[in-house]
Undergrad: 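Submitted below is the structure of interest, expressed as structure tokens.
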Amino acid sequence: MGDTGGVSEPSQLPAVRASDADREAVATSLSRNLAEGRLTLDELSQRLDLAYAAKTKNELDEVMRDLPVAIDPQTRKTTNWIVAILGGSSRSGRWRAASRMRVISVLGGANLDLSHAVVTTPEVRLTCFSFLGGIGIVVPKGVEVELTGFSLMGGRGLDIGEEPARPGTPVIHVRAFSFLGGIGITNPPKKRL
């Protein structure tokens, strides 16, 4: 190979450092992809961690590698009600959550797993009612949860990690009413190695 005249070859160029504005732009794009159903809350949380830890533009490009830059509007059916009467009802895996949902358990049990749910709004409002039954809600780590409501001879509980809410993740508002029943909110169980 001949002399390049002091010009570096492209493969030898240093990686361009990412700015705070670059990281914020990727976080915004990830949030839009969550809203359009391309990412679950758990995937958003993982990718936001990678985006905010990225030092170079190449690392940011890797976070977005399988997502489109422009997002086309789409309409998909959302889940509004979870009902368990004298039985059980469960919603988990990849599913589209509505901005307002109701969970009812009467002499039964309902489980709602939001860790892989597709959320298209900046907040989700859950109204939960449990009578002689139980409701379990799973939320991913790094999501802000607000719990309000009332319990009579029953209980409500919020047992999530102390990890601060990640920017761009939706807020989960839970209004929980339990009568001789229980409503609990937890993070997903730790994966076994």
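The figures that follow rest on heavy atoms only: side chains count, while hydrogens, waters and symmetry mates do not.
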Undergrad: Measuring only between side-chain heavy atoms, which start at C-beta, is F131 closer than 4.5 Å to F177?
TA: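 Answer no - side chains too far apart.
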Undergrad: Counting C-beta onward and ignoring hydrogens, is there a side-chain heavy-atom pair between R96 and T120 closer than 4.5 Å?
TA: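 Yes; the side chains approach each other to less than 4.5 Å.
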Undergrad: Quick test of your reading: applying salt bridge (charged side-chain N to carboxylate O under 4.0 Å, His left out), list the pairs with at least one residue in residues 102-121, sequence neighbours left out, ordered by first then second residue.
TA: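 Found none.
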Undergrad: Contact between L39 and L67 at the side-chain level, heavy atoms closer than 4.5 Å - yes or no?
TA: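 Of all side-chain heavy-atom pairs linking L67 with L39, at least one is under 4.5 Å.
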Undergrad: Would you check if S130 and V103 make a side-chain contact, meaning some heavy-atom pair closer than 4.5 Å?
TA: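 No, every pair of side-chain atoms sits at 4.5 Å or beyond.
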Undergrad: Does anything in residues 162-189 form a salt bridge (charged side-chain N to carboxylate O under 4.0 Å, His left out)? List the pairs, not counting sequence neighbours.
TA: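 Those involving residues 162-189 are D49-R166, E163-R166.
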Undergrad: Does L34 form a side chain to side chain contact (heavy atoms under 4.5 Å, CB included) with T169? I'd like the steps, not just the answer.
TA: CA-CA 9 Å; L34 170 78; T169 58; over 6 Å; no
Undergrad: Can you list, pair by pair, the side-chain donor-acceptor contacts under 3.5 Å of residues 137-149, counting residues two or more places apart and other chains?
TA:
unit_1	atom_1	unit_2	atom_2	d
E146	OE1	H173	ND1	2.8

Undergrad: For side-chain hydrogen bond (donor to acceptor under 3.5 Å, both in side chains), just list the numbers for S19 and D22, CA-CA rounded to whole Å, side-chain angles, deciding distance to a tenth of an Å, and then say yes or no.
TA: CA-CA 5 Å; S19 68; D22 294 331; 3.1 Å; yes
Undergrad: Could you tell me whether the side chain of E24 and the main chain of D20 form a donor-acceptor pair under 3.5 Å?
TA: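 No.
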Undergrad: Does some side-chain heavy atom of F129 sit less than 4.5 Å from a side-chain heavy atom of V83?
TA: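 V83 vs F129: side chains apart.
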Undergrad: Taking atom CZ of R65 as the centre, does the number of heavy atoms from other residues, nucleotides or ligands within less than 6.0 Å exceed 12?
TA: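 More than 12 within 6.0 Å, yes.
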Undergrad: Does the side chain of N111 come within less than 4.5 Å of S92's, by heavy atoms?
TA: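 The answer is no, as the side chains (C-beta and beyond) never meet within the 4.5 Å cut-off.
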Undergrad: Minimum heavy-atom separation for I82 to R91, with atom names?
TA: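 That would be CD1-CB, 3.7 Å.
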Undergrad: Would you mind reporting whether L60 and R23 have side-chain heavy atoms less than 4.5 Å apart?
TA: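 Yes. Closest side-chain heavy atoms under 4.5 Å.
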Undergrad: Under 3.5 Å, is there a donor-acceptor pair between the side chain of R156 and the main chain of S178?
TA: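 No, R156 side chain to S178 backbone: no donor-acceptor pair under 3.5 Å.
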